[in-house]
Number of protein chains: 2
Amino acid sequence: MVNPALSPTAYALLGLLVFDRENPEGMTGYELKQRADFTLRYYWVSPAMSQIYTELRKLSEAEFVETAPSEGPTRYRVTELGEEQLQTWLFHGEVGFPILKHPVALRLLMGRLSTPDQLGSMLETHLDDLAARRADLQGVRDMLGDEHRVRYAAMVADWGLAYYDSEAQIVAGLRERLEGMD
Amino acid sequence: MVNPALSPTAYALLGLLVFDRENPEGMTGYELKQRADFTLRYYWVSPAMSQIYTELRKLSEAEFVETAPSEGPTRYRVTELGEEQLQTWLFHGEVGFPILKHPVALRLLMGRLSTPDQLGSMLETHLDDLAARRADLQGVRDMLGDEHRVRYAAMVADWGLAYYDSEAQIVAGLRERLEGMD
DNA sequence: TGTAGCATGTAAGCCGTTACATGATTGA
DNA sequence: TCAATCATGTAACGGCTTACATGCTACA
């Protein structure tokens with residue numbers, strides 16, 4: 001099988017499988033989705049189920065995963081080749097800068113078309129959303145604890161928490177700045 | 001013409017045109033791209049030229065923009081309807097939570113497959129990228145000054161700068177944390 | 001017995017990119 | 001006159017989503 005340049009999302013899923021490597025059972029597409037919802041969504045995306053199956057097919061064709069023989073649902077596990085290629089992908093070649101699509105900032109940019117009041121309530125809503133998101137991630141962080149096995153996941157969760165805190169602080173500042181306008 | 005639910009990117013471009021509304025000449029697709037590179041890319045995306053023309057066609061079909069009669073390149077300007085619809089889109093309906101695709105965090109998550117050293121140098125590179133990005137944005141911020149006309153753009157630029165600063169601080173912390181590992 | 005969760009996929013379609021093609025204008 | 005920039009598009013394709021279809025299992 002050839003290697004038709006997999007997408008970052010494919011590698012992200014592969015990473016989740018590697019994480020679960022001690023478990024020789026492998027994971028189903030469905031379980032992979034749960035995992036993605038649990039961690040991946042904070043830093044990347046949580047692909048739709050249909051996308052998960054698509055990526056699993058591609059990973060399978062590239063022989064980066066294999067299906068574990070078992071009755072019932074199809075279980076996937078990473079192959080030697082898969083782990084090897086994941087390592088190569090991870091730390092060789094361009095990592096790239098984060099992509100941000102920030103609908104709140106986009107709207108604030110066009111603030112002239114609105115009123116400080118309306119903008120303020122938009123920021124308020126964003127603060128609520130941030131708090132909810134932060135609480136979710138805190139739940140994840142708590143579940144990770146200080147187990148050595150998951151120390152990198154914990155680091156990234158801490159990163160996320162700090163990011164949400166900083167964003168909340170910045171937005172609160174902007175809201176105040178709006179109050180002193182017009 | 002009907003109104004087939006335009007994408008956020010279409011509205012973002014429409015916003016750039018509104019920004020330029022005092023200028024009755026309108027803007028060319030090319031100029032729009034310059035503007036997008038200048039501000040939009042920090043909070044949203046800067047679409048490819050081909051995408052810009054596609055969105056302009058859609059905006060034109062929806063009669064949210066019109067072409068200004070002139071010799072030479074086609075110039076677009078926002079219509080009454082366009083500005084009206086932009087306002088509706090901006091502050092009615094779901095704003096949504098930011099979407100982040102963070103390749104560095106994604107890789108750190110799989111840190112087990114690497115070494116603290118390698119991870120550290122990845123973070124180092126990210127800090128450099130952040131500094132470069134920040135410098136670009138600072139350039140934008142300086143150009144905006146304290147003109148009342150662009151005060152919202154200035155607010156959003158300040159937001160971005162604060163975000164980059166915070167990210168740099170967090171990442172520097174993570175790098176130190178890596179040093180005390182293994 | 002029916003609803004929620006588990007499990008897997010196909011189809012249609014949008015958003016966006018890269019590659020390619022074309023041609024005008026401007027300045028060194 | 002040659003290169004850079006201005007200017008506009010088409011074609012092919014990848015990534016991803018929603019909608020739809022299907023069926024099984026556990027449990028209240």
Side-chain angles (χ1 to χ4, degrees), chain A residues 2-14 17 25-38 40-41 43-62 65 67-68 70-76 89 94 96-97 99-103 106, chain B residues 2-14 17 25-38 40-41 43-62 65 67-68 70-77 89 94 96-97 99-101 103 106:
Chain A
V2 266
N3 180 346
L6 296 168
S7 67
T9 298
Y11 283 107
L13 295 175
L14 195 57
L17 285 172
E25 300 286 322
M27 294 169 77
T28 69
Y30 197 89
E31 284 164 355
L32 219 39
K33 170 68 173 165
Q34 319 283 89
R35 286 288 178 92
D37 283 343
F38 190 67
L40 225 50
R41 72 175 173 121
Y43 325 107
W44 195 250
V45 282
S46 194
M49 279 302 327
S50 64
Q51 182 67 7
I52 302 240
Y53 290 116
T54 301
E55 299 297 349
L56 280 172
R57 186 177 44 71
K58 287 181 191 172
L59 285 166
S60 216
E61 278 163 11
V65 301
T67 56
S70 81
E71 76 298 355
T74 316
R75 304 198 146 267
Y76 296 87
W89 177 81
E94 280 308 283
F97 200 75
I99 289 171
L100 181 64
K101 286 190 166 195
H102 204 307
L106 177 62
Chain B
V2 267
N3 180 346
L6 296 168
S7 66
T9 298
Y11 282 107
L13 295 175
L14 195 56
L17 285 172
E25 300 287 321
M27 293 168 78
T28 68
Y30 196 89
E31 284 164 355
L32 219 38
K33 170 67 173 165
Q34 320 282 88
R35 286 289 177 93
D37 284 343
F38 189 67
L40 223 51
R41 72 176 173 120
Y43 326 106
W44 195 251
V45 282
S46 194
M49 280 302 326
S50 65
Q51 182 67 7
I52 303 239
Y53 290 117
T54 302
E55 299 297 348
L56 280 173
R57 186 178 43 71
K58 288 181 190 170
L59 285 165
S60 214
E61 278 163 11
V65 301
T67 56
S70 81
E71 76 299 354
T74 316
R75 304 198 146 268
Y76 296 87
R77 68 185 167 210
W89 177 80
E94 280 307 284
F97 200 75
I99 290 171
L100 181 64
K101 286 191 167 193
L106 177 61

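Chain A is the first sequence line, chain B the second, and so forth, proteins listed ahead of strands; every chain is numbered from 1.
- In this structure, OG1 on A:Thr9 lies 6.0 Å from CH2 on A:Trp44, to the nearest 0.5 angstrom.
- Considering only side-chain atoms of B:Ser50, the nucleotide from D:dT8, D:dC16, D:dA11 that sits closest is D:dA11.
- B:Lys101 comes within contact range of the sugar-phosphate backbone alone, with a heavy-atom separation under 4.0 Å but no base atom that close.
- The side-chain heavy atoms of A:Phe38 and A:Ser46, taken from C-beta on, include no pair separated by under 4.5 Å.
- Within the nucleic acid shown, B:Thr9 comes within 4.0 Å of sugar-phosphate atoms alone, with no base atom in reach, counting heavy atoms only.
- Although no hydrogens or angles enter the test, the distance criterion places no donor-acceptor pair under 3.5 Å between the side chain of B:Arg75 and the main chain of B:Ala68.
- Taking every side-chain heavy atom of B:Gln34 into account, D:dC6 is the closest of D:dC16, D:dC6, D:dT8.
- Among the protein residues, B:Thr74 comes within range of the sugar-phosphate backbone only, with heavy atoms under 4.0 Å from sugar or phosphate atoms but none that close to a base.
- A 4.0 Å heavy-atom criterion places the boundary nucleotides of DNA chain C facing chain A at C:dG5 to C:dG16, written 5' to 3'.
- Between B:Arg57 and A:Trp44, the residue anchored closer to the 5' end of DNA chain D is B:Arg57, taking for each the nucleotide with the nearest heavy atom.
- Inter-residue side-chain proximity for A:Leu17 and A:Met27 is flagged as met; some heavy-atom pair is nearer than 4.5 Å.
- Salt bridge annotation for A:Arg57-A:Glu61: present, with a cationic side-chain nitrogen under 4.0 angstrom from a carboxylate oxygen.
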